[in-house]
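What follows is a single structure, written as structure tokens, with notes after it.
The figures here come from the full heavy-atom set of this structure, side chains too, leaving out hydrogens, waters and symmetry mates. Each chain gets a letter, A, B and so on, in the order its sequence line appears, and its residues count up from 1.
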There are 2 protein chains.
Amino acid sequence: MEKKKNTIVDVARKLNVSTSTVSRALNGHHSISERTKLKVRKVAAELNYSPNNVAASLRRGKVNSIGVILPRINSTFMSNCIFGIESVTYPAGYNLIISCSNEDYKKEVQSIAALKASQVSGIILSLSNETKKTAHLSNIISQNIPLVMFDRIAELLNVDSVVNDDTKITVQAIEHLHAMGFRKIAIFSSPTHIYVYKNRMKGYLEALSSLGLTLNHNWIIENIQTKEQAQHSAEILFKAKDKPDAVFCTSDTIALGVIQTLKKLGIQIPQEVGVIGYSNDTFSELIQPTLTSIEQYPQEMGVNAAKLMLDIIGDKNWSMQVHKQIHIKPRLIIRDSSNRLLTE
Amino acid sequence: MEKKKNTIVDVARKLNVSTSTVSRALNGHHSISERTKLKVRKVAAELNYSPNNVAASLRRGKVNSIGVILPRINSTFMSNCIFGIESVTYPAGYNLIISCSNEDYKKEVQSIAALKASQVSGIILSLSNETKKTAHLSNIISQNIPLVMFDRIAELLNVDSVVNDDTKITVQAIEHLHAMGFRKIAIFSSPTHIYVYKNRMKGYLEALSSLGLTLNHNWIIENIQTKEQAQHSAEILFKAKDKPDAVFCTSDTIALGVIQTLKKLGIQIPQEVGVIGYSNDTFSELIQPTLTSIEQYPQEMGVNAAKLMLDIIGDKNWSMQVHKQIHIKPRLIIRDSSNRLLTE
DNA sequence: CTGTTAGCGCGTTCAG
DNA sequence: CTGAACGCGCTAACAG
């Protein structure tokens with residue numbers, strides 16, 4: 001019953017060859033005859049032999065796994081990123097060790113340490129909300145462990161990364177609102193110390209300035225993280241005297257909250273107020289009114305982050321000094337919530 | 001620059017102690033004085049020493065990772081399951097190696113082999129659509145590698161598992177339709193060779209029989225996998241003479257397709273036709289009409305699958321002969337798409 | 001409380 | 001084309 005697992009020694013013994021021969025045969029070494037390879041494979045299968053990657057990794061000094069640390073795992077955006085990453089790393093023979101920081105700085109630091117201890121070939125990372133220090137990342141870099149960041153990157157750190165052109169697409173979104181006749185545009189944003197939200201805010205401000213729209217500080221709502229917070233802030237804003245006529249939101253969830261509040265207050269969308277979201281979540285084309293949003297191509301982001309990682313791992317002359325940044329171009333998807341032309 | 005990583009030997013040398021002392025100190029062994037522990041930790045930090053888990057795992061004969069194989073990774077249901085799993089395995093000190101079978105039998109088999117080679121402590125699995133043979137699983141079991149299945153389990157295999165009471169909740173859903181006055185109830189189902197769909201179909205048939213409703217074979221649509229297929233089949237069904245007055249769908253995506261077709265055909269929901277989905281996807285409460293659906297508590301399923309796994313791993317006298325099955329009770333969430341009382 | 005010794009399973013020299 | 005010998009970094013006996 002409780003027989004021990006067969007090792008390479010068992011296979012070798014049964015064939016009366018050395019373990020080196022078995023090792024080479026199973027790894028497809030060219031200096032082994034086809035006949036021997038066949039025999040070895042046959043016996044290995046008979047014994048239900050499965051190579052011990054732990055031992056192999058120790059010997060090789062190299063592990064076939066890549067670590068991934070994400071702020072969340074159960075969001076449309078992030079799960080599609082993972083999907084993209086996996087589609088590249090799996091065919092390349094890498095395991096994916098996934099860790100979720102839960103937007104918690106401490107857990108992010110611990111996860112980094114755990115992955116480092118596991119000797120992963122590299123780490124793909126998107127920062128948690130709470131991460132403001134980056135010593136844990138500098139540490140990784142100084143140890144020559146390949147690091148690729150995506151979406152929420154650490155701007156000041158010199159690493160390979162995959163990002164959206166958040167600023168540019170936000171400018172485009174605001175221009176679209178302007179073209180639809182909206183002039184009093186508010187923004188509901190998640191915390192702007194985070195790279196992507198900082199850039200969206202930047203785009204908002206740039207667009208307002210270049211379009212000659214007045215900037216009203218009461219219309220800049222930051223630190224919105226949940227639908228409930230969005231509803232709350234929207235209720236206050238739209239009951240005030242000085243109301244905006246459009247809201248640019250840095251996520252679809254926020255936009256959903258805004259829309260729900262506007263409906264509750266009996267405000268017509270988009271006739272009275274236009275709304276734009278961000279991320280193109282599944283529900284955005286299903287709600288009433290359908291939500292104008294920004295497609296970020298998360299799967300593509302994952303694919304590119306993984307490719308970048310494989311490039312680094314495979315590149316013997318990889319220099320810490322040179323870094324690539326891949327820009328994935330997002331797309332503004334215009335739907336009813338901002339489209340006055342449809343209704344007037 | 002390219003200095004080699006510090007090992008336990010470097011730490012020991014610097015302190016003029018043995019490697020065992022360092023090892024024990026860092027692992028919190030009780031027979032080491034606090035003073036020594038402190039000194040060791042200090043020097044380890046100075047040298048930026050990070051233990052090599054690969055070597056430790058080889059020595060211990062035990063790896064601190066758990067493998068997870070899922071048919072998909074970017075679905076609300078599955079990503080919430082992962083979230084639940086991670087919330088249990090992380091605090092217990094396990095890495096999560098995630099692999100996506102992409103509903104492909106071959107990839108599932110390969111992933112099993114890869115995880116086995118990685119010496120994972122156990123495997124948590126939900127079957128791919130295409131999996132009909134289970135030799136790869138029997139193999140795992142025969143090697144005493146803990147296996148926990150959830151949701152789409154292999155019924156004939158004797159393993160620990162976490163499931164919903166699909167049959168019972170489906171009966172309840174059909175009874176609800178009956179209570180709302182629907183009598184001609186159709187079913188749109190994904191392939192019924194898969195455990196969960198088989199049970200939903202079973203519940204449908206049981207309920208029809210016990211309620212004394214006539215069973216019309218034209219109203220049993222199987223093998224629906226996508227929204228488009230659902231739309232197509234709904235179009236045919238609702239243009240036919242012999243129309244049902246309600247549709248029970250085995251997923252929200254299918255229900256969405258049905259609803260879209262009904263709207264297109266100008267059929268009133270729920271006045272003329274009632275619709276029920278399955279999974280309680282985010283969009284189900286956001287569409288028009290809001291969709292009656294079944295909450296499966298995916299996060300709970302993940303949590304329980306992970307707990308089951310830790311139990312097995314921790315249990316020295318674990319017997320292959322005894323298996324637990326945890327039932328997560330789903331909940332019928334009644335919304336407008338089936339609720340005639342609201343509208344009549 | 002600490003040190004010595006041995007070996008986990010494999011891949012890779014170096015010899016033939 | 002194949003074998004012998006070594007050691008990757010660590011932990012667990014055993015010994016003091």
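- With DNA chain C read from its 5' end, the first of the two nearest nucleotides for B:Ile32 and A:Val9 is the one closest to B:Ile32.
- Residue contacts shown for B:Ser57 are absent, as no nucleic acid heavy atom lies under 4.0 Å away.
- Residues A:Ser128 and A:Glu103 bring no donor and acceptor atom of their side chains to less than 3.5 Å of each other.
- Side-chain N or O atoms of A:Lys107 include one that pairs as donor or acceptor with a backbone N or O of A:Cys100 at under 3.5 Å.
- Between B:Asn139 and B:Leu137 the shortest side-chain heavy-atom distance does not fall below 4.5 Å.
- For B:Ser31, taking side-chain heavy atoms from C-beta onward, the closest of the listed nucleotides C:dC1, D:dC10, D:dC1 is C:dC1.
- Between the side chains of B:Ser18 and B:Thr21, at least one donor-acceptor pair of N or O atoms lies under 3.5 Å.
- If you take NE2 of B:His30 and P of C:dC1, they are 9 Å apart, rounded to a whole angstrom.
- Residue contacts shown for A:Val17 are limited to sugar-phosphate atoms, with no base heavy atom under 4.0 Å away.
- Here the nucleotide nearest the side chain of A:Thr21, chosen from D:dG9, C:dT12, D:dG3, is D:dG3.
- Across the protein-nucleic acid pair, B:Asn53 atom CG and D:dT11 atom P stand 8 Å apart, rounded to whole Å.
- Remark: A:Ser20 is not in phosphate contact with C:dC10, judged by side-chain N or O atoms under 4.0 Å from OP1 or OP2.
- Candidate nucleotides C:dG9, D:dA4, D:dC10 were compared by shortest atom distance to the side chain of A:Ser18, and D:dA4 ranks first.
- Across the protein-nucleic acid pair, A:Leu58 atom CG and C:dT12 atom P stand 12 Å apart, rounded to whole Å.
- Rounding to whole angstrom units, CG of residue A:Leu15 and P of D:dT2 are separated by 11 Å.
- Under 4.0 angstrom from either OP1 or OP2 of C:dG9 there lies no side-chain N or O belonging to A:Tyr49.
- For B:Ile8, the side-chain atoms get nearest to D:dC10 when compared with the rest of D:dG9, D:dC10, D:dA4.
- Judged by distance alone, with hydrogens and angles left aside, the side-chain atoms of B:Asn6 form a donor-acceptor pair with the main-chain N or O of B:Leu47 at under 3.5 Å.
- Across the protein-nucleic acid pair, B:Lys62 atom NZ and D:dC10 atom P stand 18 Å apart, rounded to whole Å.
- Heavy-atom distances to DNA chain D give each of A:His29 and A:Thr19 a nearest nucleotide, and the one nearer the 5′ end belongs to A:His29.
- Closest to the side chain of A:Arg24, out of D:dC10, D:dG3, C:dG9, is D:dG3.
- One interatomic measurement links the two molecules: CG of A:Leu26 to C1' of D:dT2, which rounds to 15 Å at whole-angstrom precision.
- If you take CD of A:Glu34 and P of D:dC1, they are 9 Å apart, rounded to a whole angstrom.
- OP1 or OP2 of D:dT11 has at least one side-chain nitrogen or oxygen of B:Asn27 nearer than 4.0 Å.
- Distances shown here put every side-chain N or O of B:Ser33 at or beyond 4.0 Å from the OP1 or OP2 atom of C:dC1.
- Applying the 3.5 Å distance criterion, the base of C:dG9 shares no donor-acceptor pair with the side chain of B:Arg59.
- For the pair A:Leu47 CG and C:dG9 P, the computed distance is 15 Å after rounding to whole Å.
- Each of A:Asp151, A:Val303, A:Asn164 was evaluated against A:Ile328; a single residue qualifies, A:Asn164, per the side chain to side chain contact (heavy atoms under 4.5 Å, CB included) test.
- Here the nucleotide nearest the side chain of B:Arg60, chosen from D:dT11, C:dT2, D:dG9, is D:dT11.
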